[in-house]
Protein chains: 2
Amino acid sequence: MQNSEALALTAALLAAAGDLTQRINDGVVARGFEGRPAYGFAFTRLSRGGATVTDLATHLGVTKQAASQLVEELVRKGYVERRPHPGDARARLVVLTERGWGCTRAAEEAAAEVIQEWAELLGGEGEVRVLRDQLTRIAPYGPIRPAW
Amino acid sequence: MQNSEALALTAALLAAAGDLTQRINDGVVARGFEGRPAYGFAFTRLSRGGATVTDLATHLGVTKQAASQLVEELVRKGYVERRPHPGDARARLVVLTERGWGCTRAAEEAAAEVIQEWAELLGGEGEVRVLRDQLTRIAPYGPIRPAW
DNA sequence: CTACATAGTCAAGCAGCTTGACCAAGCTAA
DNA sequence: TTAGCTTGGTCAAGCTGCTTGACTATGTAG
């Protein structure tokens, strides 16, 4: 693989990622929710039984202070609520509210729309599956990172 | 395509993009340059004959003030220099210095390394080419956007 | 020559993150 | 039990990279 090809792949990957993020966010907003992309990553983690602030921080790859601020923002907007943690009085369990679930579904729908469009560009859902499988194989574990 | 599949693709795409960005930057730093990911996008544009601040701003999808600050930073670090623009006394042409070219090559090498690794994960360079072609087809034109 | 558009800078402000200090609650060992 | 350390979370201050707004200098169209 030549360097220039590596750069072409890099540019295409980042362009696709940025475009996808933007359009999912636009779709969420169009469905009546206000948000920023980071919400989606938080929701992904919260949608499986809730999480503590520290869990979220790890998942997002930020400090717990930053995660705490994000949670505060989500509480203010009515997407999540803090509950006492069963079994650890220090911790608080952050869970999605009904509105939070609605926002999550909106994000899913918006994502599905974009990917539907990609399927048309690529010539079929099979091609999308190939893409997803390839990306899954190269995607690392660990915290989510901003693409730049 | 079901919603959950769309989310899986989204997550994998963003994880791959974030990982790639991070590792290219790490590679650049390991080669003795200091930088942040945005530099790479600027260099991509500058490497084709230089650009004005306004060109850069458009390419990066930010205000010209932000682009101007970035250029100032790059000048301070010795990666670019400002020259009078031939044919427009208002404008200044920002061009890469020798050190700037070195940093650009370092980024190319770092990118090639990561993608070499991806080729092994995917089982061959042919698979990488498939990935690149697919991404190229779905990647939009227009300014580069942060992935989140 | 006038009027407007464009390239660039200066200044102020803001969002989202960081580091550092701290408290309350849990854990471990004596 | 208690002493000492770890862990979950918050408060406060500060920084970075962006924004909007105001402005100057140069170009361009009538």
Side-chain angles (χ1 to χ4, degrees), chain A residues 14 18 21-22 25 29 34-43 45-46 49-77 79-95 143-148, chain B residues 14 18 21-22 25 29 34-43 45-46 49-77 79-95 143-148:
Chain A
L14 295 181
T21 302
Q22 172 88 38
N25 200 61
V29 170
E34 53 172 343
R36 51 188 176 102
Y39 289 10
F41 295 102
F43 290 168
R45 180 68 190 78
L46 295 175
T52 65
V53 164
T54 300
D55 286 341
L56 259 185
T58 303
H59 180 69
L60 298 176
V62 298
T63 59
K64 55 186 181 173
Q65 291 92 324
S68 187
Q69 285 174 19
L70 176 61
V71 167
E72 179 55 34
E73 191 181 328
L74 292 173
V75 167
R76 233 173 24 236
K77 294 188 177 165
Y79 294 133
V80 307
E81 54 186 29
R82 299 187 227 238
R83 295 195 185 159
H85 193 291
D88 190 340
R90 294 170 304 177
R92 313 225 263 163
L93 198 57
V94 179
V95 297
I144 302 289
R145 274 192 249 273
W148 65 287
Chain B
L14 295 180
T21 302
Q22 172 88 39
N25 201 61
V29 170
E34 53 172 343
R36 50 189 176 100
Y39 289 10
F41 295 103
F43 290 168
R45 180 67 190 79
L46 295 175
T52 65
V53 164
T54 300
D55 286 342
L56 259 185
T58 302
H59 180 70
L60 297 176
V62 298
T63 60
K64 55 185 183 175
Q65 291 93 324
S68 187
Q69 284 174 20
L70 176 61
V71 168
E72 179 55 35
E73 190 181 328
L74 292 172
V75 167
R76 232 172 26 235
K77 294 189 177 163
Y79 294 133
V80 307
E81 54 185 31
R82 299 188 226 237
R83 296 194 185 159
H85 193 290
D88 190 339
R90 293 170 304 175
R92 310 226 262 163
L93 198 56
V94 179
V95 297
I144 302 289
R145 273 192 249 274
W148 64 288

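Below, chains carry the letters A, B, ... as their sequence lines are ordered, and counting in each starts from 1.
The closest side-chain donor-acceptor pair between B:D55 and B:T58, if any, does not fall under 3.5 angstrom. Using modelled atom types and a 3.5 Å distance limit, the side chains of A:E73 and A:Y79 yield no donor-acceptor pair.
Between D:dT16 and B:R36, no contact under 4.0 Å exists linking OP1 or OP2 to a side-chain N or O. Phosphate contact (OP1/OP2 of D:dG9, side-chain N/O of A:S68, threshold under 4.0 Å): absent. In this structure, B:T54 does not reach the C:dT6 phosphate: none of its side-chain N or O atoms is under 4.0 Å from OP1 or OP2. A:R82 has no side-chain polar atom (N or O) that falls below the 4.0 Å cut-off from OP1 or OP2 of D:dG8. A close approach under 4.0 Å does not occur between any side-chain nitrogen or oxygen of A:T52 and OP1 or OP2 of D:dG8.
Rounding to the nearest 0.5 Å gives a distance of 10.0 Å between CD of B:E81 and CG of B:L93.
For the side chain to side chain contact (heavy atoms under 4.5 Å, CB included) criterion with B:V80, the lone passing option out of B:V94, B:L70, B:L56 is B:V94.
In this structure, B:Q69 atom CD and C:dA12 atom P are separated by 14 Å, rounded to whole Å. When rounded to the nearest whole Å, the span between NZ of A:K64 and P of C:dC17 equals 17 Å. In this structure, the CZ atom of A:R92 is 14 Å from the C1' atom of C:dA25, given to the nearest Å. Between the P atom of C:dC17 and the CG atom of A:L60 lies a distance of 8 Å, rounded to the nearest Å. Distance, B:L74 CG to D:dG17 C1': 13 Å, rounded to whole Å. For the pair B:Q65 CD and C:dC14 P, the interatomic distance rounds to 17 Å; values are reported in whole Å. Spacing between atom CG of B:D88 and atom C1' of D:dT28 amounts to 11 Å, rounded to whole angstrom units. Between B:H59 atom NE2 and C:dA7 atom C1' there is a gap of 19 Å when expressed in whole angstrom units.
In this structure, the nucleotide among D:dG17, D:dT10, D:dG27 sitting nearest to the side chain of B:E73 is D:dG17. Distances were taken from every side-chain heavy atom of A:T63 (C-beta onward) to each of C:dT18, D:dG8, D:dC18; the shortest belongs to C:dT18. The side chain of B:R90 sits closest to D:dT26 out of C:dG8, D:dT26, C:dA21.
When heavy atoms are screened at a 4.0 angstrom cut-off, B:A66 is found touching base atoms of the nucleic acid.
Between A:G87 and A:G61, the residue whose closest nucleotide on DNA chain C is further toward the 5' end is A:G61.
Around atom CZ of B:R83, no more than 12 heavy atoms belonging to other residues, nucleotides or ligands sit under 6.0 Å away.
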